[in-house]
Amino acid sequence: MKRTVMGSLVAATLLIPAAVLAQGVPGGIERGAREGERAAGPIGGVVGGAIGGVVGGVNGVLGVDQRPRFHSYVVERHHPSYSYDGDVRVGADLPGDGVTYYDVPQEYGVRDYRYTVVNGRTVLVDPRTHRIVEVVE
């Protein structure tokens with residue numbers, strides 16, 4: 001038991017830098033579990049997934065250092081803002097029609113999401129569900 005706990009702690013310590021690079025909670029969980037399992041077997045995978053998800057949630061989809069640069073990129077494009085009656089927040093579902101979704105340039109490393117401007121705010125959106133996954137301030 002002691003050995004398992006120590007292995008999990010070592011795996012967790014090794015995973016934090018890798019998890020910091022993850023993209024949001026889903027990416028953090030996936031990367032953390034994968035790296036943890038590699039480092040410490042099945043227990044490491046569980047611990048790594050939990051830590052990766054937390055760190056990914058803190059970092060968001062865009063890294064902390066990328067947010068201001070990406071926000072400036074969007075502002076320079078002068079995209080029209082979609083008027084939305086609900087709260088502009090993570091988890092809000094936008095309509096599929098009437099909103100224009102744009103590709104995120106490759107330099108930001110965001111492959112699975114699109115962006116748009118809603119009520120004057122830049123948001124990243126899952127293109128399959130139209131759910132806001134990050135509000136970029």
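No hydrogens, no waters, no symmetry mates; every other heavy atom, side chains included, goes into these values.
No side-chain heavy atom of Tyr113 sits under 4.5 Å from any side-chain heavy atom of Glu134. Counting only heavy atoms from C-beta outward, the side chains of Arg114 and Asp103 approach each other to under 4.5 Å. Between Tyr73 and Pro105 there is a side-chain heavy-atom pair separated by less than 4.5 Å.
Across Asn119 and Ser81, no two heavy atoms sit closer than the pair N-OG, 3.1 Å. Contact detail for Tyr84 and Asp93: the closest heavy-atom pair is OH-O, 3.3 Å. The two atoms that bring Arg121 and Val135 nearest to each other are NH2-CG1, 3.3 Å, heavy atoms only.
Environment of CD in Gln106: sparse, with no more than 12 heavy atoms of neighbouring residues, nucleotides or ligands closer than 6.0 Å.
The CD atom of Gln66 sits 15.0 Å away from the NE2 atom of His71 when rounded to the nearest 0.5 Å. Atom OH of residue Tyr115 and atom OG1 of residue Thr122 lie 8.0 Å apart, to the nearest 0.5 angstrom.
Connection of Val117 to Val123 is not established within any shared hydrophobic cluster, with ILVMFWY side chains joined at heavy-atom distances below 4.5 Å, either directly or through further cluster members. There is no path of hydrophobic side-chain contacts, each under 4.5 Å, that joins Tyr82 to Tyr102. Under the 4.5 Å side-chain heavy-atom criterion for Ile, Leu, Val, Met, Phe, Trp and Tyr, Val61 and Val90 are members of distinct hydrophobic clusters. Under a hydrophobic-cluster definition in which Ile, Leu, Val, Met, Phe, Trp and Tyr are linked whenever side-chain heavy atoms come within less than 4.5 Å, directly or via other members, Val88 and Val136 are assigned to different clusters.
Each of Val133, Thr116, Val118 was checked for a side-chain contact (heavy atoms from CB on, under 4.5 Å) with Val125, and the lone residue meeting it is Thr116.
Relative ring orientation between Tyr108 and Phe70 is described as perpendicular, the plane-to-plane angle rising above 60° on a 0-90° scale split at 30° and 60°.
With hydrogens and angles disregarded, no donor-acceptor distance shorter than 3.5 Å links the side chain of Asp126 to the backbone of Arg131.
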